[in-house]
Amino acid sequence: MAAAAEPGARTWPGSGSPRLGSPAGSPVLGISGRTRPGSGPERTSRAIGSAAPGHSFRKVTLTKPTFCHLCSDFIWGLAGFLCDVCNFMSHEKCLKQVKTPCTSIAPSLIRVPVAHCFGSLGLYKRKFCVVCRKSLEVPAFRCEVCELHVHPDCVPFACSDCRQCHQDGQQDYDTYHHHWREGNLPSGARCEVCRKTCGSSDVLAGVRCEWCGVQAHSVCSTVLAPECTFGRLRSMVLPPSCVRLLSRNFSKMHCFRIPETMVLELGDGDDGVDGSAAIGTGREMLTATESTKQTLKIFDGNDSMRKNQFRLVTVSRLARNEEVMEAALRAYYISEDPKDFQLQALPLSGSAQALGKAGTTEEETSKGSCPRDSVPEAWVIRSLPRTQEILKIYPGWLKVGVAYVSIRVNSQSTARSVVQEVLPLFGQQVKDQERFQLIEVLMSSRQVQRTVLADEEPLLDRLRDIRQTSVRQVSQTRFYVAETRAMAPRVSLFVGGLPPGLSPQDYSNLLHEAMATKAAVVSVSHVYSLQGAVILDVTCFAEAERLYMLARDTAVHGRPLTALVLPEVLHTKLPPDCCPLLVFVNPKSGGLKGRELLCSFRKLLNPHQVFELTNGGPLPGFHLFSQVPCFRVLVCGGDGTVGWVLAALEETRRHLACPEPAVAILPLGTGNDLGRVLRWGAGYSGEDPFSVLVSVDEADAVLMDRWTILLDAHEIDSTENNVVETEPPKIVQMNNYCGIGIDAELSLDFHQAREEEPGKFTSRFHNKGVYVRVGLQKISHSRSLHKEIRLQVEQQEVELPSIEGLIFINIPSWGSGADLWGSDNDSRFEKPRIDDGLLEVVGVTGVVHMGQVQGGLRSGIRIAQGSYFRVTLLKATPVQVDGEPWVQAPGHMIISATAPKVHMLRKAKQKPRKAGAIRDTRVDTLPAPEGNPL
């Protein structure tokens with residue numbers, strides 16, 4: 001076995017360490033690209049060299065307006081240079097400066113493989129696929145964590161180059177570099193270096209760091225310092241180096257708490273056509289309608305044949321076999337030498353026809369091109385037997401001066417012999433070789449799988465088996481030499497939906513009964529008895545996966561359980577100026593705009609700090625941040641959602657190292673009264689999420705009163721045996737207002753209408769229209785509320801005027817922005833404030849009066865102001881607190897300021913700057929790179 005590093009083994013420029021991120025942003029793009037043999041006079045005869053990593057450019061005649069993928073300028077004239085594999089188009093003058101790698105070699109340039117999180121199919125206008133570089137004119141996939149867009153049939157060829165958002169015990173870094181993603185920039189994006197436009201809506205051009213947001217030309221990006229500072233939002237981002245999650249058995253969708261969708265792989269249909277892709281102009285499937293053309297089905301191995309996943313290749317009937325082989329390899333983005341492969345006809349049999357070595361048979365060699373009318377339409381790519389191969393071995397530890405070393409392996413090579421050979425090349429002592437092992441890593445776009453190879457594993461046989469399964473899988477497979485470490489598995493599982501009020505032992509027994517938990521590896525570390533939730537510490541990966549999958553299909557006392565995988569925040573490693581933002585999003589609020597915001601915040605911040613409230617509520621987020629010494633909260637939802645989060649914060653306050661985090665609001669509801677008072681607006685209308693986060697960072701902290709409402713116990717009739725049961729006293733927290741009478745009745749009717757047809761309540765305008773309709777139905781309604789209730793303020797009886805509704809207000813906004821108290825001065829009362837410890841009591845005479853208040857024509861009837869109230873209901877009456885209505889039985893209601901004040905964030909008065917003007921550090925002083933084509 002040859003023991004030498006291949007001369008072409010690359011070293012990482014700049015302090016001997018590689019740059020993090022996608023291949024488009026890697027500084028090690030200067031490897032020589034292979035130019036395939038030409039078959040016509042138009043193919044370039046000169047090699048593109050180190051400036052075109054992996055591309056196979058040929059000169060083409062342009063028949064329609066075309067733009068350069070490097071400088072994004074229009075290509076004047078009739079000639080351009082096109083890569084046969086990835087469709088990269090370039091000016092002739094730009095060829096020497098191409099730094100973007102071809103799709104065929106992109107997997108080899110990934111620094112740390114991280115799988116993507118693809119959501120459901122969607123339409124993305126003016127976006128481009130990162131694999132084939134064509135526009136997304138059909139439904140496509142988008143990564144929920146980074147800005148990767150890809151066609152469904154291109155998903156298997158996408159790199160596993162998503163953001164590394166946590167440490168997983170494999171390759172952990174304390175210093176993070178820019179994570180460059182090519183293309184799909186705003187058309188007006190400006191380069192950070194040369195200050196010229198780098199975005200384009202016509203082609204995939206320019207690069208953007210997915211952590212700090214810096215945008216630049218691909219050529220200019222090499223001038224920037226490799227270290228990423230996380231940009232303008234650095235103080236709000238939860239640093240990836242401070243998050244640890246051992247996720248060996250969990251997908252990225254599980255780790256980031258993203259609901260799984262049914263995403264089909266390439267060709268998951270029975271006929272294989274749905275997942276196939278045609279190679280040629282456009283994305284439509286080509287058919288061999290011309291007598292001179294024929295379409296072939298190409299499989300790349302046993303796996304694709306088993307799943308009936310194929311690619312369509314259209315070639316001339318007079319094409320030479322070597323040209324068919326090149327087209328087949330291009331279809332699967334394979335950059336290896338075509339002489340090492342052959343095409344076998346399907347179905348396979350002892351007499352199977354084969355396009356032999358070098359893509360030609362002996363008969364073809366003598367006769368040249370010939371018509372193939374009888375050629376089977378289905379073929380499989382097979383690798384020819386090899387007696388030796390060049391294998392790249394990567395180091396599994398940090399601070400190594402080379403990206404990899406290449407060694408020659410033969411039939412005698414085993415995993416142990418390879419480890420012995422490469423350790424000296426990585427600067428390790430051979431005597432310590434027993435501490436190291438060889439790990440095989442499969443880097444698919446959806447999941448990164450690691451397999452420890454046995455010491456006696458024959459590597460040449462291993463490579464042959466991989467190629468037999470899938471020829472392209474070899475380019476997605478790496479071999480790492482890593483130190484053998486006894487990693488102590490520890491997984492934290494949040495389990496919610498349990499009965500509240502139990503002891504830790506009762507919860508442990510209940511889970512053991514429901515899911516057969518193993519006491520030896522499962523323990524209850526935290527108990528949230530009020531919410532009916534526990535945190536399980538599991539010291540076995542297999543048991544953690546079993547419990548996670550089982551809990552999602554288990555119900556306890558009729559309630560389904562919720563299971564989430566939670567990382568660990570290494571709070572001692574947080575920078576001193578770091579105040580991460582904990583984001584809660586209700587995707588059902590405000591016309592369902594929360595879903596887009598959820599995806600945007602995951603990309604702008606660390607996805608571990610963004611929580612979907614419909615998946616476990618606010619408790620998992622507060623538990624994750626329980627040891628963070630200083631953090632802020634952003635709630636995206638309506639007033640009801642804000643109250644939900646504030647109530648959870650109150651219940652978990654004693655568990656938090658930061659007991660009083662300030663809370664900001666992004667209003668997504670219908671009324672959004674609290675958002676109006678705190679200057680966050682009447683409702684979200686599509687503002688730039690980045691600008692929203694900047695406004696949160698610049699907001700001022702204020703105090704706000706919270707009130708406790710105690711409702712009497714009352715008797716309820718049981719349907720079984722006519723037994724009368726007693727419902728215990730109920731405690732409700734109030735932030736905005738509490739209504740009794742007509743306004744609560746309208747809220748109750750609206751709530752019931754929404755429960756009956758929730759699909760219709762997807763817009764703020766429609767919701768307000770329903771309010772108007774139910775109000776008109778009650779316009780002649782009269783119940784003389786003042787005769788049905790009694791009011792005491794500060795232990796003193798207050799005589800009520802003739803009213804239909806009694807409202808207690810804590811903020812100067814009611815019913816979507818109306819000023820119910822009014823602005824007139826009154827010597828009997830103090831001027832209301834949200835932190836004065838007082839509630840204002842106002843009466844309304846009916847629906848007409850409420851409409852006049854909404855229109856600003858009148859104000860309510862001022863009745864009282866105080867800090868302690870006792871309301872006696874003489875009969876069942878509608879009641880609503882912060883928009884949540886119900887019918888309250890006769891009895892007493894006590895409203896008092898026993899709840900502590902909460903810290904809220906009020907938006908600063910100054911006009912927010914445009915997103916393009918908000919920058920971290922400008923690089924205007926840096927010179928533009930020499931030879932910049934722009």
Side-chain angles (χ1 to χ4, degrees), residues 639 670-674 676-677 707 709 734-751 767-793 797-826 828-829 831-832 838-866 869-888 893 895:
D639 289 340
T670 302
N672 303 314
D673 290 291
L674 185 55
R676 296 170 191 264
V677 172
W707 299 80
I709 302 177
M734 184 189 82
N735 303 307
N736 300 352
Y737 38 71
C738 170
I740 303 173
I742 185 62
D743 75 313
E745 193 170 346
L746 296 183
S747 295
L748 186 61
D749 290 345
F750 172 84
H751 180 75
N767 295 352
K768 291 184 178 180
V770 175
Y771 263 117
V772 172
R773 187 176 73 245
V774 298
L776 292 175
Q777 295 172 353
K778 304 285 185 180
I779 197 169
S780 59
H781 175 79
S782 176
R783 63 182 300 160
S784 301
L785 183 69
H786 59 286
K787 298 180 181 178
E788 299 176 355
I789 64 174
R790 300 287 184 267
L791 174 64
Q792 289 184 1
V793 181
E797 190 81 21
V798 175
E799 183 178 353
L800 296 176
S802 178
I803 56 174
E804 294 297 322
L806 186 67
I807 305 169
F808 301 82
I809 53 178
N810 184 44
I811 61 175
S813 179
W814 168 85
S816 300
D819 186 2
L820 191 58
W821 182 259
S823 57
D824 296 338
N825 293 327
D826 192 331
R828 298 176 300 166
F829 308 108
K831 185 177 180 179
L838 298 174
L839 277 181
E840 288 70 47
V841 186
V842 183
V844 292
T845 59
V847 173
V848 175
H849 187 184
M850 294 171 61
Q852 292 172 332
V853 172
Q854 294 276 358
L857 302 178
R858 307 179 50 180
S859 59
I861 302 173
R862 298 180 180 178
I863 296 176
Q865 189 180 51
F869 305 88
R870 183 184 182 93
V871 180
T872 303
L873 303 179
L874 303 180
K875 59 187 299 186
T877 308
V879 175
Q880 65 99 358
V881 175
D882 293 342
E884 300 299 325
W886 70 91
V887 176
Q888 181 62 28
M893 294 175 55
I895 306 175

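Owing to the predicted nature of the structure, the values given are computational and were not obtained by experimental measurement. Note that the numbering runs from 1 along the sequence shown for the chain.
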Measure the [atom1]-[atom2] distance between [X] and [Y] for me, rounded to the nearest 0.5 Å.
X	Y	atom1	atom2	value
Leu873	Met893	CG	CE	6.5 Å
Leu800	Arg790	CG	CZ	8.0 Å
Glu840	Ile807	CD	CD1	12.5 Å
Ile861	Ile803	CD1	CD1	7.0 Å
Trp821	Ile809	CH2	CD1	7.0 Å
Gln854	Leu820	CD	CG	9.0 Å

What closest approach, in Å, do [X] and [Y] show between heavy atoms, and which atom pair accounts for it?
X	Y	result
Arg676	Ser813	CD-OG, 3.8 Å
Pro801	His786	O-CB, 3.1 Å
Thr877	Gly741	CG2-N, 4.1 Å
Gly822	Ser859	CA-CB, 3.9 Å
Ala744	Gly739	CB-O, 3.6 Å

Quick one, [X] and [Y] - any side-chain contact, counting heavy atoms below 4.5 Å?
X	Y	answer
Phe829	Arg862	yes
Trp707	Val881	no
Cys738	Val879	yes
Met734	Leu839	yes
Asn735	Asn810	no
Asp882	Leu674	no
Ile740	Phe808	yes
Leu806	Leu785	yes

Glu797 atom CD, neighbour heavy-atom count above 12 within 6.0 Å
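Buried by this count: over 12 neighbours within 6.0 Å.
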
Side-chain donor-acceptor contact under 3.5 Å, [X] with [Y]:
X	Y	value
Gln792	Arg870	no
Trp886	Glu884	no
Asp673	Tyr737	yes

If we ignore hydrogens and angles and just use 3.5 Å, is the side chain of Gln865 paired with the main-chain N or O of Leu838 as donor and acceptor?
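Such a contact is absent between Gln865 side chain and Leu838 backbone.
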
So His849 and Ile742, side chain to side chain contact (heavy atoms under 4.5 Å, CB included) or not? Walk me through it.
CA-CA 11 Å; His849 187 184; Ile742 185 62; over 6 Å; no

Take Val793 and Leu791, measure what side chain to side chain contact (heavy atoms under 4.5 Å, CB included) needs, and give me the verdict at the end.
CA-CA 7 Å; Val793 181; Leu791 174 64; 4.0 Å; yes

